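This structure is a prediction, so every number in the text was calculated from the model and none was measured. Naming: A, B, ... by sequence-line order, numbering from 1 per chain.
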Protein chains: 2
Amino acid sequence: MLTSAVSTQIAVHRAGHAVVAPATRHIARCSTCAMRHLCMPQGMSAEELPKLEALICTARAVRRGEPLYCAGTPFENLYAVRSGSLKTTMAHRDGREQVTGLRLAGESLGLDGIRDDVHACSAVALEDSSVCIVPYAALKRLCRESGAMQERLHRLMGEQIVREASQMMLLGSLSADERVAAFLLDVSERNAQRGYSSAEFNLRMTREDMGSYLGMTLETVSRTLSKFQKRGLIDARGKFIRIVDLEGLRGL
Amino acid sequence: MLTSAVSTQIAVHRAGHAVVAPATRHIARCSTCAMRHLCMPQGMSAEELPKLEALICTARAVRRGEPLYCAGTPFENLYAVRSGSLKTTMAHRDGREQVTGLRLAGESLGLDGIRDDVHACSAVALEDSSVCIVPYAALKRLCRESGAMQERLHRLMGEQIVREASQMMLLGSLSADERVAAFLLDVSERNAQRGYSSAEFNLRMTREDMGSYLGMTLETVSRTLSKFQKRGLIDARGKFIRIVDLEGLRGL
DNA sequence: CGAATCCTTGACGTGTCTCAAGATCCGTGG
DNA sequence: CCACGGATCTTGAGACACGTCAAGGATTCG
């Protein structure tokens, strides 16, 4: 359930209700889907609401390991993660892939295609997931009609710009210990913002994914997590991670 | 002079004319300023043009070493570099600063403030420079009236998102040699796109700035440049750099 | 339940950092 | 225009954090 916490990523109504719609229908209108708030700023007038729901709220299921979209393919939609989680990856000329992002339930996806109508990244589900589809062309039209809507989309892009700049800082100037600690704290905080536990969570990335995202090898990720465990900072059992000493992690 | 090359960063008209307006007036309307094209997509109707020019084209001079804006200060304007160059920097909690971007003449600046109306980065001039001021509130209004304008702004943000993702890749998986080579090629290409020489240019960053941007120490930057010089890949005399063997650099 | 994937840990190699000293560049003021 | 002084750059030697290679164990998922 959502708490009254308001995400900075995607603002959420202050009423508690189910985050995840019943997963029985894979392609479905998600009028009960919390993610429609991606496009529902507080300032929006009542008559605009139906237009919105008509536009954006189609859901799509993505199986673990399957791509939601691929780098190089035409960009048409933005997405909001309804349940599950995905990674975004980019490839070098030589084919090496690197993880460039992690998207948890409630976060948005697909902005990498806006530059030139072709996706710059691929998005792959880390577990069986569900996303809301937001047709970009229609969203753009809506943003010209509604200032609140425009504001929302701009902030979403701004958020990603700042988030990526922070990741550049992490990669450019932190040690392996500091990177792993910063990553765990980031995931923890993003969980908290969406009303989930900040103290424990299932990280569906592999050690290799984490290493790729954090600019280190999977072995170093593993060693670092083991070290944190020995020091009593975390309790990690495979993909399940519990943060024991938050301040200790912050202090790195 | 501009060639007919069209920048992907900021599309430029296909007519050649001076990139840099006469620098005699520091605060001036820059109706002759190429940077007004930031907000002048091809698809724009004739009657919208005056509105645009009324809005955006005020210039501001920034002395070498001076900030154009600082992290933590209110965000009100976007900027387009008219002449000169700037770096953007971000600070860690502990005060360490890292260079997160380099902006050459013709490129845009300030998107880091859109997320929450406060600048996330600082922007500091690398040499005496001049920028066009684009009030964000007015630009937003314009984007609701003009689809072409909206498109332009979105692509600008999309460009930055993709650019930063590429920099994350560089920082996360390239060796020191590869990073320096990629950086030189990037600057070279950006120069070419704006009609300047791709083979030689003045990089006004210090070795320390480059190191900070590329996630390495200034000593390693220096050693790497020396190595490239010995191999006949480049000709570097302090901040002036000439690319001798483009393919050789690409091959790293 | 079984096989493939994923994770952990060890030993060793190396790319990059750190510290240091001298050279060079460049802005400033005379 | 020149001289000065601080900032910047180069280069070397040694240290160390992290990568690489390898092997065995634990998950996980079909």
Sugar-phosphate, base or nothing in reach of [X], heavy atoms under 4.0 Å:
{"X": "B:L218", "result": "base"}
{"X": "B:T206", "result": "sugar-phosphate"}
{"X": "A:R204", "result": "sugar-phosphate"}
{"X": "B:G65", "result": "nothing"}
{"X": "A:T217", "result": "base"}
{"X": "B:R64", "result": "sugar-phosphate"}

In whole Å, I'd like the distance from the [atom1] atom of [X] to the [atom2] atom of [N].
{"X": "B:L214", "N": "C:dC17", "atom1": "CG", "atom2": "C1'", "value": "16 Å"}
{"X": "B:R207", "N": "C:dC17", "atom1": "CZ", "atom2": "P", "value": "16 Å"}
{"X": "A:L126", "N": "D:dT27", "atom1": "CG", "atom2": "C1'", "value": "17 Å"}
{"X": "B:R237", "N": "C:dT24", "atom1": "CZ", "atom2": "P", "value": "13 Å"}
{"X": "A:L174", "N": "D:dA17", "atom1": "CG", "atom2": "P", "value": "15 Å"}
{"X": "A:I241", "N": "C:dT8", "atom1": "CD1", "atom2": "P", "value": "9 Å"}
{"X": "A:Q229", "N": "C:dC7", "atom1": "CD", "atom2": "P", "value": "14 Å"}
{"X": "B:K239", "N": "D:dT10", "atom1": "NZ", "atom2": "C1'", "value": "13 Å"}

Ignoring hydrogens and angles, does a donor from either the side chain of [X] or the base of [N] sit under 3.5 Å from an acceptor on the other?
{"X": "A:E219", "N": "D:dC18", "answer": "no"}
{"X": "A:E208", "N": "C:dC6", "answer": "no"}
{"X": "B:R223", "N": "D:dG12", "answer": "yes"}

Query raised in the report: Centres of the B:Y213 and B:F183 rings: under 6.0 Å?
Result: yes
Requested in this report: Find which nucleotide of DNA chain D each of A:G238 and A:M216 is nearest to by heavy atoms, and output the residue with the more 5' nucleotide.
Outcome: A:M216
Query - A:R204/A:E127 ion pair, N-O < 4.0 Å - result: yes
Query raised in the report: With the threshold set at 4.0 Å, does a side-chain nitrogen-carboxylate oxygen contact exist between B:D128 and B:R64?
Result: no
Query raised in the report: A:S222 side chain to A:L218 main-chain N or O, any donor-acceptor pair under 3.5 Å?
Result: no
Query raised in the report: Counting side-chain heavy atoms from CB outward, which of C:dC7, D:dG19, C:dT16 is closest to A:T220?
Result: D:dG19
Query - Atom CD of B:E208 with >12 non-hydrogen neighbours under 6.0 angstrom - result: no
